[in-house]
Amino acid sequence: MTALDANPDETAVPEAAPAPVVGPMAGDPAMLGLGSFIVGSVALGLGLVGVVPVGVLGAPLAIILAATALGLLMATVWCAALGQSAVAAVFGIFGTFWLSYAVLVLGLDHNWFAITATAVLATVKLFLVAWLVVILMLTLATLRLPSAFSVLFALVSLALLLLLLAFATASAAGVPSTGLLKTGGYVVLIFAALGVYLFFGAASAGTGGKGLALGKPLMR
């Protein structure tokens, strides 16, 4: 019972503050989640800008599967255990995005899904459209977070849009636009750099320092 709904003749007893989280679940799961997100983003971005030959989509998969997807899903469970539903949703959405990207590439390379060669381009575009919708939804739904996160999600959306345009303007032979792929790769590296900034903020607060400025929310 709170002071607002207590009997006026009774003495209001303040509610006890929630006990701090202790034990193995204590701490900030954002440090694990952001670190996992950064390494996969760097690997994908470098692949798109030409560090590996064009068309070698499997180059970053070892990192994306074993580090990024796994790390983000671990951070999701950690957040959920702490009752941080919004952060758990963010990490969970990105974790499943990276996992589905790996499954898509492996499935196309090994013909797991019986997708014909003529349907590969349409399949990639379907993947990109579906995830572009979800990340745009996430961007708009989290405008109450500090603006640094809104910018990060917007950059992810922009990268997906550029990749979609690259495959939508593919040549008759099914080769996507190299220029748009590289531009998308640079955007990926930019949001990876923003992820590094967010990680340093979380690491500073987690080690007893002061967190970095993340900007005012775009929506109150």
Side-chain angles (χ1 to χ4, degrees), residues 1-5 14-41 44 64-104 127-160 188 191-220:
M1 182 180 290
T2 65
L4 291 179
D5 57 14
E15 294 182 355
V21 179
V22 295
M25 301 306 295
D28 184 5
M31 292 184 65
L32 171 62
L34 287 169
S36 302
F37 174 81
I38 291 163
V39 67
S41 300
L44 178 61
I64 287 172
L65 267 175
T68 303
L70 180 60
L72 282 167
L73 293 176
M74 289 172 61
T76 300
V77 175
W78 189 354
C79 288
L82 295 176
Q84 299 176 3
S85 57
V87 185
V90 171
F91 286 148
I93 288 171
F94 279 110
T96 51
F97 163 74
W98 290 107
L99 182 60
S100 66
Y101 170 79
V103 171
L104 173 71
F127 174 88
L128 292 169
V129 169
W131 275 109
L132 178 58
V133 169
V134 171
I135 301 301
L136 283 173
M137 175 194 72
L138 179 66
T139 304
L140 296 174
T142 56
L143 291 178
R144 289 187 174 86
L145 291 177
S147 57
F149 292 96
S150 299
V151 172
L152 175 67
F153 301 154
L155 287 171
V156 175
S157 300
L158 176 59
L160 288 171
V188 172
F191 69 64
L194 181 53
V196 171
Y197 179 83
L198 295 173
F199 178 84
F200 271 93
S204 178
T207 53
K210 184 178 179 181
L212 302 180
L214 301 180
K216 294 181 178 179
L218 299 178
M219 181 184 293
R220 294 291 182 181

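Fair warning: this is a prediction, and the values are worked out from it, not measured in the lab. Along the sequence shown, residues carry numbers from 1.
- A pairwise comparison of heavy atoms in Ala213 and Tyr197 identifies O-OH, 2.6 Å as the closest pair.
- Side-chain atoms of Leu143 and Pro217, non-hydrogen and from C-beta on, never get closer than 4.5 Å to each other.
- For Thr68 (side chain) and Ser36 (main-chain N/O), a donor-acceptor pair under 3.5 Å exists by modelled atom type.
- The nearest pair of heavy atoms linking Ser150 to Thr139 is O-CG2, 4.1 Å.
- Here Leu136 contributes atom CG and Leu158 contributes atom CG; the two are 10.0 Å apart, rounded to the nearest 0.5 Å.
- In this structure, the side chain to side chain contact (heavy atoms under 4.5 Å, CB included) partners of Ile38, at least two apart in sequence or on a different chain, are Val42, Val196, Phe199.
- Looking at every heavy atom in both residues, Thr76 comes nearest to Gly92 through OG1-N, 2.9 Å.
- Between Leu82 and Gly27, the shortest heavy-atom distance links the atoms CD1-O, 3.9 Å.
- A 4.5 Å side-chain heavy-atom check between Phe97 and Leu72 finds every atom pair outside the cut-off.
- Scanning both residues, Gly215 and Ser147, for their nearest heavy atoms gives CA-OG, 3.3 Å.
- Within the structure, side-chain hydrogen bond (donor to acceptor under 3.5 Å, both in side chains) pairs that include any residue of residues 202-220 do not occur (at least two apart or interchain).
- Rounded to the nearest 0.5 angstrom, Phe153 CZ and Ile93 CD1 are separated by 8.5 Å.
- Taking both residues in full, the closest heavy atoms of Ala202 and Asp28 are given as CB-OD2, 3.8 Å, listed atom of the first, atom of the second, then distance.
- Summarising the local packing, CE of Met31 is surrounded by more than 12 heavy atoms from other residues, nucleotides or ligands at distances under 6.0 Å.
- In this structure, the side chain to side chain contact (heavy atoms under 4.5 Å, CB included) partners of Ser41, at least two apart in sequence or on a different chain, are Phe37, Trp98, Val188, Phe191, Ala192.
- Under the side-chain hydrogen bond (donor to acceptor under 3.5 Å, both in side chains) criterion, Ser85 pairs with no residue at all, not counting sequence neighbours.
- The CD1 atom of Ile135 sits 12.0 Å away from the CG atom of Leu155 when rounded to the nearest 0.5 Å.
- The side chain to side chain contact (heavy atoms under 4.5 Å, CB included) check on Val87 picks up Cys79, Gln84, Phe91, with sequence neighbours excluded.
- Under the side chain to side chain contact (heavy atoms under 4.5 Å, CB included) criterion, Leu198 pairs with Leu34, Ala148, Phe149, Leu152, Leu214, sequence neighbours left out.
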